[in-house]
Engineer: 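Next up is a structure, given as structure tokens.
Note that the structure is a prediction, hence the values are computed from the model and not measured.
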Amino acid sequence: MSCPIQSGPSYDVIIVGGGVSGSVAAIAAGRAGVKVLLVEEHGFLGGSLTSMGVGPMMSFHNPAGEQVVRGIPDEIIERLKARGASLGHIPDTTTYCSTVTPFDSEELKIELESMVMEAGGQLLYHTQLAGAECEDGRITRIVVCNKAGLTSIGAKVFIDATGDGDLAARAGASFSRGRASDNVSQPMTMNLKLANVDTAAIRRYAMENPDDFLWHPWGAEEAMKRLRISPRISLAGFLKSWKAARERGEVDVPRDQVLFFETPVPGVVIVNTSRINGLDATDPFQLSRAESIGRRQCVQIFNFLRRHAVGFENAVRMDTSAKVGVRESRHVKGLYTLTAEDLVEARAFEDTIALGGYPIDVHAPSAASTDTVHLEPDTIYQIPLRSLLVEAVSNLVVVGRCISATHEAAGAFRVTPISMAIGQGGGVAAAEAVRRGLQPREVPFAAIRERLLQQGTRLP
């Protein structure tokens, strides 16, 4: 017996995926005056920052400390600050970036939801994408699955904000996976949140034992300056005891460091240390396996910290994330494929919709290390609209980490501030297409640029 597909309503723009990139796309499109539906598999927004336990946001600034991400992403931070849910942009004491932005994940859920609805957007939670109906190189409707069963809903323009390029793949778009040599993606991570951590003791220990930590790229001297002034700590270290524990077989996590970040709540930290190599996040069986591996790694990490790490002796487990963190899966084939050279050389594009300054940060897919290309301090790189527009599907815009790019380039812009900026660019492009009765690639870029500037985006 087949399952009938119900006919649902139509919208101007449908966004699949309510992570931060999709949420910002919905806000931007709604503010441009079009009818927006945001479809999300969980019962809340925020994606990696809420369901995957990622934090803090890093980074809104380039290595020199110049803020390059503004617009709606920065408005979100200002609203969180007003709620006492973020400290704003503070010095990164790992020295990997110039700044990090801690936030309260529960408050972020509420703020994103409020901003989408204020912009006139409609939310559809607990709903997964089941398929796409296409005609003449366009998506006409998508089929979603939820408590009501299968429902077909239509739109003029669609935005894929799934992170994995799920809608693009179902619509027949071409894509690549991971690095070019073997199609292997960056590892997944199960984040762990701990409370009752003595961060004052950890701060002292780091200042007294700088050789037990990693300092990128500015070195220990700069790190000591930041540790003296930053209201919260971020550190990558306990190198000696972690190495010894791995050699004893006490932990088998394929990672060369313990990385953790203090949240806005003193003594509550996010531990971003687990590493799950070699699995495909778009294969449901492999994704399920990754969830199990990640939880077991977090037990090892927690036990290690309690036994061997200064300041964690009385730590209490709060939770592991609701979903394993995914850094990379599909890269959808767009009108332009962004490369690492584009970023390092700060190549200029005539259709830039977002800026970034985060380094190329590739967690080795098959090793314990992290490969980084640090940028020149004043570097500001550009993300072109063409990398958001799908070669094979004319009314589809892709936002977030799965836009058209190489494995190396994606290691830079995949972080949440830049992904949010990409979301704003994609949301505006979709809305302007609807307003003009055109496909996104047909809209005069001057109109998209003007709307982005009106919404506070920083552009060249």
Side-chain angles (χ1 to χ4, degrees), residues 15-25 40-41 45-55 57-60 69 73 129 159-169 173 175-180 183-189 191 272 276 279-282 287 290 321 323-334 336-340 342-343 353-363 365 370 381-390 396-427:
I15 301 163
V16 183
V20 286
S21 192
S23 297
V24 170
E40 166 55 35
E41 66 178 349
L45 303 177
S48 62
L49 299 181
T50 51
S51 65
M52 297 179 186
V54 174
M57 302 182 201
M58 55 193 298
S59 172
F60 283 77
V69 176
L129 176 70
I159 296 178
D160 187 331
T162 62
D164 295 317
D166 291 337
L167 177 55
F175 54 86
S176 61
R177 296 178 187 271
R179 60 190 178 191
N183 300 323
V184 176
S185 296
Q186 291 200 52
M188 290 180 262
T189 287
N191 285 309
N272 181 334
I276 305 151
L279 297 179
D280 179 0
T282 66
L287 184 62
S321 56
K323 183 177 181 180
V324 69
V326 180
R327 293 182 176 87
E328 183 183 30
S329 53
R330 297 186 184 100
H331 301 295
V332 179
K333 177 65 174 176
Y336 181 83
T337 300
L338 196 65
T339 67
D342 291 333
L343 307 185
I353 49 87
L355 302 177
Y358 187 78
I360 296 175
D361 171 21
V362 178
H363 292 243
T370 299
Y381 51 76
Q382 303 181 14
I383 311 294
L385 177 62
R386 283 168 290 164
S387 293
L388 283 63
L389 303 180
V390 180
L396 177 61
V397 179
V398 177
V399 299
R401 61 178 168 82
C402 62
I403 66 171
S404 185
T406 64
H407 167 74
E408 294 78 15
F413 64 74
R414 66 179 173 81
V415 293
T416 49
I418 305 172
S419 287
M420 285 193 284
I422 292 171
Q424 185 168 2

Engineer: Specify the closest pair of heavy atoms between C402 and G165, including all atoms of both residues, with the distance to one decimal.
Structural biologist: SG-N, 3.5 Å

Engineer: What's the separation between atom CG in L167 and atom CD1 in I15, rounded to the nearest 0.5 Å?
Structural biologist: 11.5 Å

Engineer: Identify, with sequence neighbours excluded, every residue that meets side chain to side chain contact (heavy atoms under 4.5 Å, CB included) alongside S404.
Structural biologist: T337, S387

Engineer: Are the side chains of V397 and L389 in contact, using a 4.5 Å heavy-atom criterion?
Structural biologist: yes

Engineer: With side chains defined as the heavy atoms from C-beta onward, is the minimum distance between K333 and S176 less than 4.5 Å?
Structural biologist: no

Engineer: Test side-chain contact (heavy atoms from CB on, under 4.5 Å) on H331 and T406; report intermediate values, then the result.
Structural biologist: CA-CA 7 Å; H331 301 295; T406 64; over 6 Å; no

Engineer: Which pair of heavy atoms, one from G425 and one from I353, lies closest together, and at what distance?
Structural biologist: CA-CB, 4.1 Å

Engineer: Rounded at 0.5 Å granularity, tell me how far CG in L49 sits from CE in M57.
Structural biologist: 5.0 Å

Engineer: How many angstroms lie between NE2 in H407 and CZ in R327, if you round to the nearest 0.5 Å?
Structural biologist: 11.5 Å

Engineer: Can you spot which of D166, D280, T162 makes a side-chain hydrogen bond (donor to acceptor under 3.5 Å, both in side chains) with R330?
Structural biologist: D166

Engineer: Taking all heavy atoms of S51 and all of S321, pick out the closest pair and write down the distance.
Structural biologist: O-CB, 3.6 Å

Engineer: Ignoring hydrogens and geometry, is there a side-chain-to-backbone donor-acceptor pair from E328 to Q186 under 3.5 Å?
Structural biologist: yes

Engineer: Please report the closest heavy-atom contact between A340 and A409, naming both atoms and the distance.
Structural biologist: N-CB, 3.8 Å

Engineer: Apply side-chain contact (heavy atoms from CB on, under 4.5 Å) to the pair L355 and Q382, showing each step before the final yes or no.
Structural biologist: CA-CA 5 Å; L355 302 177; Q382 303 181 14; 3.8 Å; yes

Engineer: Side-chain contact, heavy-atom cut-off 4.5 Å: I403 with I383?
Structural biologist: yes

Engineer: Check the pair I159 / V16 against side-chain contact (heavy atoms from CB on, under 4.5 Å), numbers first and verdict last.
Structural biologist: CA-CA 6 Å; I159 296 178; V16 183; over 6 Å; no

Engineer: Could you report the tightest heavy-atom contact between Y381 and F413, atom names first, then the distance?
Structural biologist: OH-N, 4.2 Å

Engineer: Looking only at side-chain N and O atoms, does R177 offer a donor or acceptor that is under 3.5 Å from a partner on T282?
Structural biologist: yes

Engineer: For the atom pair CG (L45) and OG1 (T50), what is the distance rounded to the nearest 0.5 Å?
Structural biologist: 7.5 Å

Engineer: Measure across D160 and A168 and return the closest heavy-atom pair with its distance rounded to 0.1 Å.
Structural biologist: OD2-N, 2.8 Å

Engineer: Please list, chain by chain and in numerical order, all residues satisfying ring-ring contact (aromatic ring centres under 6.0 Å, His included) with Y336, sequence neighbours excluded.
Structural biologist: F349

Engineer: For the backbone of M52 and the side chain of N191, can you confirm whether one donor and one acceptor N or O come within less than 3.5 Å of each other?
Structural biologist: yes

Engineer: Just do the side-chain contact (heavy atoms from CB on, under 4.5 Å) check on R401 and S329 with the steps written out, would you?
Structural biologist: CA-CA 9 Å; R401 61 178 168 82; S329 53; 3.3 Å; yes

Engineer: If I take atom CD1 from residue I422 and atom CD from residue Q424, how far apart are they, to the nearest 0.5 angstrom?
Structural biologist: 11.5 Å

Engineer: With the side chain counted from C-beta on, respond yes when T189 and V54 share a heavy-atom pair under 4.5 Å apart, and no when they do not.
Structural biologist: no

Engineer: Within the 4.5 Å heavy-atom criterion, are L287 and V324 side-chain neighbours or not?
Structural biologist: yes

Engineer: Applying salt bridge (Lys or Arg N to Asp or Glu O under 4.0 Å), which residue pairs with at least one partner in residues 404-414 are found, sequence neighbours left out?
Structural biologist: D361-R414

